[in-house]
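Just so it is clear, the structure is predicted and the values come from calculations on it, not from any experiment.
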Amino acid sequence: EQLTLYLAGVKQVVWVRFTQGWAVSLRHFGLAAADQKIRARVFQVMNRDYRGINLEFRESEPTDFKLFARMDIGGKDPNGLSLMGYDNTPGKDIDNARLHDWVGGVNASTQQDGYPGYGGVFLESLLSFSMHPPKEVLRSPLRSAMFDQIFDPFRPDLGAQQLTAAEAAAAPDVNTKDSCPAPANGSRTIQAACAVKILGNVVGTTAAHELGHSLGLAQPYGSATEYHNAGDKPNRLMDAGAVLPFEERAEIQGKGPAVFCAEEFTYLQKILPID
């Protein structure tokens with residue numbers, strides 16, 4: 001009897017975990033009724049951004065892989081800094097030597113180095129793009145009236161009616177570049193469709209960016225303290241958050257989606273090649 005052994009390339013499995021904080025903060029947007037639709041869009045965006053890379057996103061904890069990464073998508077930033085996302089894994093993981101990174105929870109070693117300890121994606125901090133965020137959220141220098149046009153019709157803190165289950169079910173899929181933001185006096189159905197998809201776009205892009213850090217980006221063979229692309233150019237996924245405008249993250253007004261630079265994509269294909 002002959003036994004054939006085949007060694008495949010390394011595969012990175014990522015468990016994307018929506019925490020209880022996510023559900024709580026989603027209410028601040030008035031979009032809790034569309035929770036599943038928004039989560040589905042987050043997965044669509046992450047799969048799109050990592051297409052061509054031997055990487056798989058899972059909704060539930062993997063049982064067939066011993067080593068897998070974990071990405072937490074939560075609500076309020078526990079660091080108290082209104083960060084939209086933060087990779088708190090220990091150091092720049094060149095060539096993805098660690099297959100078990102946890103972008104989330106709290107990392108005591110990063111706290112000891114003087115960096116924020118809590119990681120993941122923080123939904124509530126996206127309200128910093130508003131011209132009138134809740135008082136507990138710091139207003140971003142990149143604040144945008146477009147953000148308010150999209151989300152104000154549903155925000156309970158502004159006295160708006162939250163999205164209902166019926167409205168969430170009726171909201172169609174829209175091309176955000178062509179249809180959003182919807183006019184303030186336009187169809188509430190289209191307003192809902194824009195808000196749902198755009199929130200998924202922004203969260204998905206932020207999660208893809210933070211995962212990129214845990215894989216060794218950006219500038220994987222540069223300085224150990226370089227984590228972003230140099231400068232500011234349009235539609236680069238690994239640019240610093242301070243230069244990533246809301247419109248690009250939301251994929252509206254002809255901007256986005258942001259993508260990996262050519263050298264970054266080549267690096268990802270090298271460390272996680274598809275057979």
Side-chain angles (χ1 to χ4, degrees), residues 18-19 21-35 37-39 41-42 45 73-86 116 120-164 167-168 171 174 176-177 179-188 190-207 209-210 232 239-258:
F18 290 83
T19 71
W22 158 271
V24 172
S25 292
L26 198 56
R27 297 176 196 147
H28 293 299
F29 288 83
L31 299 175
D35 188 347
K37 276 193 170 183
I38 297 169
R39 294 189 191 203
R41 181 56 185 167
V42 170
V45 169
I73 300 182
K76 193 171 184 177
D77 173 18
N79 301 294
L81 301 173
S82 290
L83 297 175
M84 296 176 195
Y86 185 68
V121 175
F122 309 118
L123 175 63
E124 197 164 323
S125 296
L126 301 185
L127 287 164
S128 66
F129 282 125
S130 174
M131 303 297 289
H132 40 251
K135 62 180 180 180
E136 63 272 15
V137 177
L138 301 176
R139 191 165 62 166
S140 169
L142 299 175
R143 55 190 176 270
S144 168
M146 290 288 179
F147 180 95
D148 294 327
Q149 187 174 340
I150 293 161
F151 296 110
D152 279 6
F154 308 98
R155 280 178 56 181
D157 63 318
L158 301 178
Q161 178 186 345
Q162 298 188 52
L163 188 72
T164 66
E167 288 174 330
V174 291
T176 55
K177 286 189 178 182
S179 304
C180 304
N185 60 351
S187 162
R188 184 168 165 90
I190 300 303
Q191 289 177 335
C194 287
V196 167
K197 190 163 187 179
I198 285 172
L199 193 58
N201 287 349
V202 178
V203 173
T205 296
T206 304
H209 174 102
E210 300 306 335
D232 174 18
D239 276 5
V243 299
L244 288 173
F246 168 71
E247 291 79 7
E248 185 174 294
R249 297 174 188 245
E251 301 176 24
I252 59 175
Q253 302 291 295
K255 298 183 179 179

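The two residues Ile198 and Ala250 make their nearest non-hydrogen contact at CG2-CB, 3.5 Å. Scanning both residues, Arg143 and Met131, for their nearest heavy atoms gives CG-SD, 3.7 Å. Residues Ala34 and Leu163 share a closest heavy-atom pair of CB-CD2, 3.7 Å. Smallest separation of non-hydrogen atoms from Leu199 and Leu26: CD2-CD1, 3.7 Å.
Leu31 places a side-chain heavy atom less than 4.5 Å from the side chain of Phe151. Within the 4.5 Å cutoff, no side-chain heavy atoms of Leu244 are placed close to those of Thr205. Within the 4.5 Å cutoff, the side chain of Lys197 has no heavy atoms near those of the Cys180 side chain. The side-chain heavy atoms of Ile73 and Val42, taken from C-beta on, include a pair separated by under 4.5 Å. Contact check for Ile252 versus Ile150: side-chain heavy atoms found under the 4.5 Å cut-off. Looking at heavy atoms from C-beta onward, Pro134 lies in side-chain contact with Leu127 at the 4.5 angstrom threshold. By the 4.5 Å heavy-atom criterion applied to side chains, Phe246 and Val202 are counted as neighbours. Leu138 has its side chain out of reach of Ser128: every pair of non-hydrogen atoms, C-beta onward, lies at least 4.5 Å apart.
Within the model, atoms CE of Met84 and CD of Glu124 stand 12.5 Å from one another, a figure rounded to the nearest 0.5 Å. We find the CZ-OG1 distance between Phe122 and Thr206 to be 11.0 Å, quoted to the nearest 0.5 Å. Rounded to the nearest 0.5 Å, atoms CG (Leu83) and CD (Glu210) are 8.5 Å apart. Rounding to the nearest 0.5 Å places SG of Cys194 at 10.5 Å from CG of Asn201. For the atom pair Gln161 CD and Phe154 CZ, the distance stands at 9.0 Å (nearest 0.5 Å). Here the CG atom belonging to Asp77 is positioned 11.0 Å from the CG atom belonging to Leu126, to the nearest 0.5 angstrom.
The aromatic rings of Phe129 and Phe147 are tilted relative to each other, their planes meeting at an angle between 30° and 60°.
A side-chain donor from one of Ser130 and Asp148 sits under 3.5 Å from a side-chain acceptor of the other.
A search for side-chain contact (heavy atoms from CB on, under 4.5 Å) contacts involving Ala32 returns Arg27, not counting sequence neighbours. With sequence neighbours excluded, the residues satisfying side chain to side chain donor-acceptor pair (under 3.5 Å) with Ser144 are Glu247.
Annotation for Lys76: atom NZ does not count as buried by contact number, only 12 or fewer foreign heavy atoms lying within 6.0 Å.
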